[in-house]
Each structure stands twice: as C-alpha cells, then as structure tokens.
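Let me begin by presenting the structure, written as structure tokens, before commenting on it.
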Amino acid sequence: SAGITDLYEVIRKRLLIDGDGAGDDRRINLLVKSFIKWCNSGSQEEGYSQYQRMLSTLSQCEFSMGKTLLVYDMNLREMENYEKIYKEIECSIAGAHEKIAECKKQILQAKRIRKNRQEYDALAKVIQHHPDRHETLKELEALGKELEHLSHIKESVEDKLELRRKQFHVLLSTIHELQQTLENDEKLSEVEEAQETTIDADPKP
C-alpha cells in the first residue's frame, strides 16, 4: 500500500543517514523491529499500536535529522565566520608586519639622529676648547707677517752666502794662481842654480 511504501522510503532514507552520537542507530533499529511486529501483528489494535510507535520513532528520527541539519548549517556558518575572522587576522598580521617594518625604520633613523647628535656634541666640546675665528685670524695674520719677515731674512742670508761663496771662489783662484807662480819661481830658481853649477864646473882655457 501507499502507507507501507512511504514507510519503507522513510526507513531507507534514515538508514542512509549515519546518526553516530545522536541515537539514530538505536531508533532505526527500534523502528525496524516495530515495523516487523506491525507486519506480524494479529489484531487491528495491536497493529494500530505498533503503527503509532513507528510514527513516534519516525518523528524522533526526523527531529534528530532536523537538529543535525541545523547543526550542520550552523557549522557551515561558523566555518564561513572563521574564514572571515582568519582573513581579518591575516590582514591584521600583514598590517602588524608593515607597522613593525616602519617602526624598525624609525628606530634606525632615531639611532642615526642620536649618533649625529653625539658626534655634534663631541665636536662642539672640541670647538669650545679652541679660540674663536677672530682670534685665529689675528694669529694667522701675525704668523703671516712673521713668516714674511723670516722669508726676507732667509733671502738676505742666502745673498750673503752667495757673496761669500763668490769671494771664497776668488780667494781660492788667487791662492791657486799664487801657488802656481811660486811653483814656477821655484822651478826657475832650480834651473838657474843648475846652470850656475854647470858653468862653475867647466874648466877655464
């Protein structure tokens, strides 16, 4: 009959659905047993009672299936929500990485500024120990004049040295000529003495 066909269809659908953890296995087993009892029932009252039990069990199975579908839909929505949250977390992490990179750049820049300030302070301390520019220019001007005076003295000394060198050269030349003259006179005297000795040695006729 149509009722039995519908009942078989419902049982088939319920058997295809695994209801682990929700008691569906036990309900389906009871439904099958009730169906067998209903098929073997002798009286109409007993058959009606078994039919009501089967309907009750079917209602419980349908309720459990509906609840499972609701949980499934809720899990799907939760998964979508988790994916959305995960994407937001990924975006937050990426933003945090960018902020960290920017903070690192700012830290490096701050370190450079601090280093430059330290070097500036060190140079300022060194500069404070030196005279100011006006005094330095005065000292440089005085040193320039002194250097110019020393340059003139150097030129004068060099001129005197050159004069003395020339005079010494003339003196050496005179000494050399005088020595040559003395040597020539000495040679001439030796020749004259030799001649006189020769004349004295010759016998007179």
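Because only heavy atoms are used, hydrogens play no part in the values below, and waters and symmetry mates are left out as well, while side chains stay in. One is the number of the first residue; the rest follow in order along the sequence.
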Are Y82 and M74 linked, directly or through other ILVMFWY residues, by side chains that come within less than 4.5 angstrom of each other? no
Nearest-0.5 Å distance, CG of residue L178 to OG of residue S173: 12.5 Å
Where do K145 and E148 land on the salt bridge (Lys or Arg N to Asp or Glu O under 4.0 Å) test, with the steps shown first? CA-CA 5 Å; K145 291 181 179 179; E148 185 179 357; over 6 Å; no
Looking at E177, is its backbone amide N or carbonyl O close enough to the side chain of T181 to form a donor-acceptor pair, meaning the two atoms are under 3.5 Å apart? yes
Could you give the distance from CG (L150) to CG (L143), rounded to the nearest 0.5 Å? 10.0 Å
I need the E158 CD to E155 CD distance, nearest 0.5 Å. 7.0 Å
N184 side chain to Q180 main-chain N or O, any donor-acceptor pair under 3.5 Å? yes
Gap between atom CD of E139 and atom CD of E146 - 0.5 Å precision: 12.0 Å
Only pairs under 3.5 Å count here: list side-chain donor-acceptor contacts from residues 103-120, not counting sequence neighbours, and write none if there are none.
unit_1, atom_1, unit_2, atom_2, d
N116, ND2, R112, O, 3.2

Pairwise distance NE2(H97) to OG(S92) - rounded to 0.5 angstrom: 11.0 Å
Roughly how far apart are T174 OG1 and Q179 CD, rounded to 0.5 Å? 12.5 Å
Are any of the side-chain nitrogens in R165 or E162 under 4.0 Å away from the carboxylate oxygens of its partner? yes
